[in-house]
Visitor: 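Below are the structure tokens for one structure; questions will follow.
Keep in mind that what you see is a predicted model, and the values were worked out from it rather than measured. Here is the naming used below: chain letters follow the sequence lines, and residue numbers restart at 1 for every chain.
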Amino acid sequence: MEDMDLYLKKHDEVLYHYDIDDHVRELARKYGFLEYMVERYLNIFGSDAEIFMKSCSAQLKRSLRCNTLRTDCKKLEDRMNERGFKLSKVSWTRYGYVVENTPVRPTLGSTLEYMKGYYYIQGLASMIPPEVLSPSEDDLVLDMAASPGGKTSQLAQLMGNRGVIVALEKNTARLRRLNSNLARLGVANTITVPIPGDYVSSIGIKFDSVLLDSPCSGEGLLPVDPSRRTKTLPQHLREFQRVQLSLLIAGIRSLRKGGKLVYSTCSIAPEENEVIVNFAVEKFGLRTEEIRGIPADPGLVEYKGVRFSEDIKKCIRLYPHKHGTEGFFVCSMRKE
Amino acid sequence: MKELIDASLYSLRDKVFMFPHGLPRQLHSKVLLGAFPIASIGLPILLKRNTYLPLLPLGPYLVDHCQNKLNLPDRLSQKLLYGKKIKVRETYSFEDALLVDNSNEFLAFLRLRLVSKGTEIIPVLDIGWYLREGG
């Protein structure tokens, strides 16, 4: 923990210092963002910052994941077509579809096929972490922040309901939602455990792979939830950083040697992504792994003058204005 | 049904869960010892009351083996999936049934009650629960 505190303190002054000039103020007013956010976007995107902010006003196409634990995808396409939905397959995910057309009724979340667990409504980018983790059928997998269960059920699907997933969720309401989704989707290989992610050592076993889809500010969900333009303050980012780092440390400690850990967030904030993953690389010697076949930008190796390990380039970032998805960060790491 | 027969069963509080295969040894012993809290282990299939009541994940395993099944017109099935009772003119020789659709896929556990000029059909547990209560 001392290491973690020192690490965060080392970068704090630079990361949380904002140069707010007239240009920043004007853009903040124009697009309805907090000024400090605009200043950060100028640092991340440079001349594309305005394109990014503009893209946050455009609605993303809805998407779903076909659940092969309950049906085959051709059947799902046909059934949904009969109900007036037009689905088109997304080439870079195994089971992802974009919903091109929807009827007035039923809604996507109230069809008979939804109730039968034929699909899960899921953002395209959020389908990436389980595919990157790509667990095998006899793996022992840890999902550190599991609710509402989209990624847990996707892991189970990829494992063909074999192996074991240990899914952690401490909040009672969120646990209920997780269990309901797992039951609906026919997920049979999962043990849900009502403890916080950073208590995982109390289970006392080492896992073959770990998914840490971390709690975050949700700064990647700006196109989905406009309230996020003014909701998160710098102090919230600081708080998230602490949670993310302590979860990551717990995840690394419970991962067996040679095992794989995938860290992801639905945030584009370097404070919640590269800064966190860099700690795993520098302090724990984790090796980042290339993520292939997904249209995405590389992780940042420098932000606001803070240099990260060159290895962070292998992580990926997705943006609404470039990739047509929610903003997302994914990093795959191996414990040596 | 083979999946169900091959599964390991775990009793946890008021529910019985099915896990599709054995747990790895290190995990199995910790589960049996109660070394850490567990909310669920696999799919919940039975609820323990005075007797054992089926839970929704058991439904799909039963449709190929139960004979007491009703396949009703969509309009009536939909009412049952809203958790509402319906009344039909037909009578049946059984009191408990599965509601299935045209593809013989599970939709609900039903209780049938003879009433004057027909049968009252009561959804005991239906997949609409996932929308109403599941979250």
Side-chain angles (χ1 to χ4, degrees), chain A residues 69-71 75 79 106-107 109-118 137-140 147-149 156 160-170 172-195 199-208, chain B residues 3-4 6-10 12 15 17-31 33 35-45 55-61 63 74 77-78 80-82 99-103 105-108 125-135:
Chain A
L69 295 177
R70 285 285 196 219
T71 188
K75 186 167 157 187
R79 293 276 185 94
T107 61
S110 67
T111 65
L112 194 57
E113 288 69 29
Y114 178 86
M115 290 183 245
K116 286 182 185 174
Y118 280 17
E137 289 193 356
D138 40 38
D139 270 359
L140 180 54
S147 188
N161 252 343
R162 307 295 304 169
V164 183
I165 302 169
V166 173
L168 310 184
E169 180 52 61
K170 66 171 175 177
T172 310
R174 288 173 62 81
L175 181 65
R176 183 180 155 86
R177 198 166 169 216
L178 169 67
N179 283 332
S180 166
N181 276 325
L182 298 183
R184 179 174 66 83
L185 297 161
V187 172
N189 68 340
T190 298
I191 301 175
T192 60
V193 178
I195 60 169
Y199 278 51
V200 62
S201 61
S202 66
I203 296 179
I205 44 178
K206 297 279 184 191
F207 294 86
D208 298 308
Chain B
E3 272 178 81
L4 204 54
D6 289 346
S8 306
L9 298 183
Y10 291 89
L12 206 63
K15 287 189 186 124
F17 291 84
M18 63 160 276
F19 202 81
H21 47 81
L23 288 171
R25 207 176 44 193
Q26 48 166 346
L27 194 56
H28 185 71
S29 57
K30 284 182 185 288
V31 166
L33 286 170
F36 56 90
I38 292 175
S40 74
I41 177 160
L43 287 169
I45 53 168
L55 291 171
L56 287 172
L58 187 60
Y61 293 99
V63 283
D74 280 356
S77 288
Q78 268 172 18
L80 291 166
L81 293 185
Y82 278 105
L99 177 68
V100 295
D101 65 8
N102 291 334
S103 315
E105 287 180 353
F106 170 79
L107 300 178
L125 195 55
D126 60 276
I127 61 171
W129 181 90
Y130 290 124
L131 297 188
R132 295 192 305 273
E133 313 278 342

Visitor: Would you give the length of the straight line joining atom CZ of B:Phe36 to atom CD1 of A:Ile191, rounded to the nearest 0.5 angstrom?
Guide: 5.5 Å
Visitor: With a 4.5 angstrom heavy-atom cut-off, could you sort out which part of B:Asp101 is near chain A: side chain, backbone, both or neither?
Guide: side chain
Visitor: Is the shortest side-chain heavy-atom distance between A:Arg79 and B:Ser103 below 4.5 Å?
Guide: yes
Visitor: Please indicate whether B:Lys15 has more than 12 foreign heavy atoms, meaning atoms of other residues, nucleotides or ligands, lying under 6.0 Å from its NZ.
Guide: no
Visitor: If you take all heavy atoms of B:Ala39 and A:Pro194, which pair is closest and at what distance?
Guide: N-CD, 3.7 Å
Visitor: Do B:Tyr130 and A:Asn181 pass the side chain to side chain contact (heavy atoms under 4.5 Å, CB included) test, and can you show the C-alpha distance, the side-chain angles, and the key distance before you say yes or no?
Guide: CA-CA 8 Å; B:Tyr130 290 124; A:Asn181 276 325; over 6 Å; no
Visitor: Please classify the contact of A:Val187 with chain B as side chain, backbone, both or neither, using a heavy-atom distance under 4.5 Å.
Guide: backbone
Visitor: Using heavy-atom distances under 4.5 Å, tell me whether A:Leu182 contacts chain B through its side chain, its backbone, both, or neither.
Guide: backbone
Visitor: Name all residues meeting the side chain to side chain contact (heavy atoms under 4.5 Å, CB included) criterion together with A:Asp208; count only those two or more places apart in sequence or in a different chain, and write none if there are none.
Guide: A:Asp139, A:Leu140, A:Arg256
Visitor: Rounded to the nearest 0.5 Å, how far does CE of A:Met115 lie from CG of B:Leu131?
Guide: 5.0 Å
Visitor: Which one wins on heavy-atom pair count under 4.5 Å against chain B: A:Ala173, A:Ala156, A:Ala188, A:Ser110?
Guide: A:Ala188
Visitor: Quick check for you: among B:Ala7, B:Pro44, B:Pro20, B:Pro57, which has the greatest number of heavy-atom pairs under 4.5 Å with chain A?
Guide: B:Pro20
Visitor: Could you have a look at B:Ile41, B:Asp126, B:Leu43 and say which one has the most heavy-atom pairs with chain A under 4.5 angstrom?
Guide: B:Leu43
Visitor: How far apart are the closest heavy atoms of B:His21 and A:Asn189, and which atoms are they?
Guide: NE2-CB, 4.5 Å
Visitor: Highest number of heavy-atom pairs under 4.5 Å with chain A: which of B:Leu27, B:Leu23, B:Leu81?
Guide: B:Leu27
Visitor: Report yes if some heavy atom in the side chain of A:Tyr118 is under 4.5 Å from a heavy atom in the side chain of B:Glu105; otherwise report no.
Guide: yes
Visitor: Does any heavy atom of chain B fall under 4.5 Å from the side chain of A:Arg70, the backbone, both, or neither of them?
Guide: side chain
Visitor: Can you measure from NZ (B:Lys30) to CD1 (A:Ile203) and round to the nearest 0.5 angstrom?
Guide: 9.5 Å
Visitor: Can you tell whether the side chains of A:Arg184 and B:Glu133 come within less than 4.0 Å, N to carboxylate O?
Guide: no
Visitor: Check each atom of B:Leu55 against the heavy atoms of chain A and say whether the ones under 4.5 Å are side chain, backbone, both or neither.
Guide: neither
Visitor: Quick one: does A:Thr192's side chain have a donor or acceptor within less than 3.5 Å of a partner on B:Ser40's backbone?
Guide: yes
